[in-house]
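Every chain is numbered from 1 and lettered A, B, ... according to where its sequence line falls, protein lines coming before strand lines. Values in this document were obtained by computation on a predicted structure and should not be read as measured data.
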Number of protein chains: 2
Amino acid sequence: MGLRERKKEKTRLAILDAALDLFLEQGYDSTTVEQIAGSVDISPRTFFRYFSSKDSLVLWFHDHGEEIITETLRSRPPGEPPFTSMVHGMRAVLGDMQGSTPQDAERFLKLRRVLDDQPRLVGLSVARGAETERRLAAEVAARRGVDPADDRVSHLVVAIAMAAVRVGFECPHKDEPDLGEVVEQMGETITLVESMLRPGWDVQDAREPADPREAPDV
Amino acid sequence: MGLRERKKEKTRLAILDAALDLFLEQGYDSTTVEQIAGSVDISPRTFFRYFSSKDSLVLWFHDHGEEIITETLRSRPPGEPPFTSMVHGMRAVLGDMQGSTPQDAERFLKLRRVLDDQPRLVGLSVARGAETERRLAAEVAARRGVDPADDRVSHLVVAIAMAAVRVGFECPHKDEPDLGEVVEQMGETITLVESMLRPGWDVQDAREPADPREAPDV
DNA sequence: GCGACTTCTGTCACAATGTGACACGACGAT
DNA sequence: ATCGTCGTGTCACATTGTGACAGAAGTCGC
């Protein structure tokens with residue numbers, strides 16, 4: 001790995017950290033890209049070469065999580081019920097968080113505080129999630145052997161799973177929890193949503209429009 | 001109802017219709033506020049007095065739906081399981097859509113085509129949904145008699161319900177369905193999500209702080 | 001109809017985000 | 001050492017969105 005790439009990664013993290021600190025200090029909206037760029041001695045133009053927008057600063061966590069879930073989905077056994085696979089993916093994200101460096105943990109907690117102040121930013125993350133959802137739904141549909149285009153079940157699997165993660169993320173008992181507490185809470189929410197669902201609901205009608213007479217009541 | 005208010009409503013709809021047509025014609029991003037304003041002979045500044053942003057043009061449907069659901073929630077019997085109440089709210093939205101004027105139906109279908117081209121805009125609607133979710137969750141939590149701040153079940157009730165509506169909205173079999181087909185599909189998705197959930201999952205632990213003996217006299 | 005009052009609208013100025021073009025300098029391979 | 005690639009800064013610019021102010025249009029009382 002050359003000097004170039006190391007420097008790039010360093011700059012990227014420097015921007016991220018500077019931005020998070022500024023956001024916490026003076027609010028997200030009151031912080032301009034110019035300020036962020038200034039505090040790490042780069043030009044605003046360069047900022048946009050590292051992050052496609054100011055908003056995308058707060059999406060790195062989401063994007064990272066999506067990667068992990070996608071990888072997990074690909075590695076799960078083919079016959080597994082899709083919601084079970086999604087749960088494994090989400091728990092993989094939690095595992096990754098637990099194994100993260102102290103620096104990353106701090107970034108995560110700072111991000112969480114920023115999002116807490118700005119519901120709009122949570123929405124942003126959810127918005128990105130809607131696009132993610134299409135990709136993951138396609139992945140799930142492929143596993144179920146149905147056409148992704150009009151398979152509601154796959155979409156619902158993903159949508160419900162993501163809703164669970166989000167609720168767990170957003171809904172803390174304490175104002176400034178540590179990483180372990182957030183992870184625990186997200187895990188509990190995943191367990192909760194599992195217990196809410198009727199077992200086996202997602203394995204039944206995977207085989208095409210079979211015989212209408214035996215169409216499961218799902 | 002003075003001339004003023006009628007004129008205002010007329011302008012508002014004119015802007016909306018002009019914008020939808022321009023979006024369908026040349027794409028959302030390629031359409032500027034200046035163009036929209038120009039095509040209804042108002043200044044861009046005035047445009048922003050009718051719609052707080054270009055994005056908010058595509059949120060009127062969402063906002064209208066939220067109103068209906070909130071009203072429905074308030075009118076449901078107090079003891080009803082929260083998810084059931086949410087389902088009633090969503091079906092009320094579908095009922096409203098079926099009873100809408102031809103003009104409104106056309107607007108809705110145009111909006112749907114615009115959203116279909118721009119996943120980001122769906123995300124936007126979902127983002128607004130995340131804020132909506134907090135309000136509705138508070139409403140649901142109030143009905144359940146628990147503290148809205150840390151009640152995951154209420155959040156999940158709302159999140160799952162909204163996910164169902166969104167999936168039904170987004171996932172059409174046809175490219176250009178008529179209003180009835182979209183409504184039917186959304187209805188089916190609501191039914192589907194109902195069948196996925198374990199009956200009664202949302203009534204059980206509401207009585208957590210209800211036991212008088214345990215109620216701490218803080 | 002007339003004047004006073006309120007509300008709506010257009011113009012101007014301006015901030016902030018985001019992009020394209022171009023030149024310069026630092027890195028990397030040979 | 002040299003050439004090509006890649007990162008960066010500068011400049012110019014489009015677009016969205018806001019504040020301030022003046023004038024036009026609607027509203028109400030006479």
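- The listed nucleotides are dG18(C), dA16(C), dG9(D); the one nearest the side chain of Thr32(A) is dA16(C).
- Note: CZ (Phe48(B)) to P (dT11(C)) measures 16 Å, nearest angstrom.
- No option in Ile68(A), Thr72(A), Val183(A), Val165(A) other than Ile68(A) meets the side-chain contact (heavy atoms from CB on, under 4.5 Å) test with Val93(A).
- Within 4.0 Å (heavy atoms only), Thr31(A) reaches sugar-phosphate atoms of the nucleic acid but no base atom.
- Of the inter-residue distances, the one linking Ile36(B) atom CD1 with Asp17(B) atom CG reads 12.0 Å to the nearest 0.5 angstrom.
- In this entry the distance linking CD of Gln26(A) with P of dA16(C) reads 11 Å, nearest Å.
- Atom NZ of Lys8(B) and atom C1' of dA25(D) are 14 Å apart (whole Å).
- Between Val33(A) and Arg45(A), the residue anchored nearer the 5' end of DNA chain C, judged by the nucleotide with its closest heavy atom, is Val33(A).
- From Leu179(B), atom CG reaches atom CZ of Phe108(B) across 6.0 Å, with rounding to the nearest 0.5 Å.
- If you check dT10(D), dG18(C), dT9(C) against the side chain of Ser43(A), the one that comes closest is dT10(D).
- Rounded to whole Å, atom C1' of dC6(D) lies 10 Å from atom CZ of Arg49(A).
- One interatomic measurement links the two molecules: CZ of Phe51(A) to C1' of dT17(C), which rounds to 16 Å at whole-angstrom precision.
- Here dG26(D) presents its C1' atom at 17 Å from CD of Glu9(B), a figure rounded to the nearest Å.
- Comparing dT16(D), dT6(C), dG10(C) by their closest approach to the side chain of Arg4(B) singles out dT6(C).
- Remark: P of dT18(D) and CG of Asp29(A) are 11 Å apart, rounded to the nearest angstrom.
- The interatomic distance linking Lys7(B) (NZ) with dT27(D) (P) rounds to 9 Å, in whole Å.
- Within 4.0 Å (heavy atoms only), Tyr50(A) reaches sugar-phosphate atoms of the nucleic acid but no base atom.
- Heavy-atom distances to DNA chain D give each of Leu3(B) and Lys54(B) a nearest nucleotide, and the one nearer the 5′ end belongs to Lys54(B).
- In this structure, the side chains of Phe61(A) and Met97(A) come closer than 4.5 Å at one or more pairs of heavy atoms.
- Arg143(A) and Glu139(A) are not joined by a salt bridge, as no carboxylate oxygen comes within less than 4.0 angstrom of a charged side-chain nitrogen.
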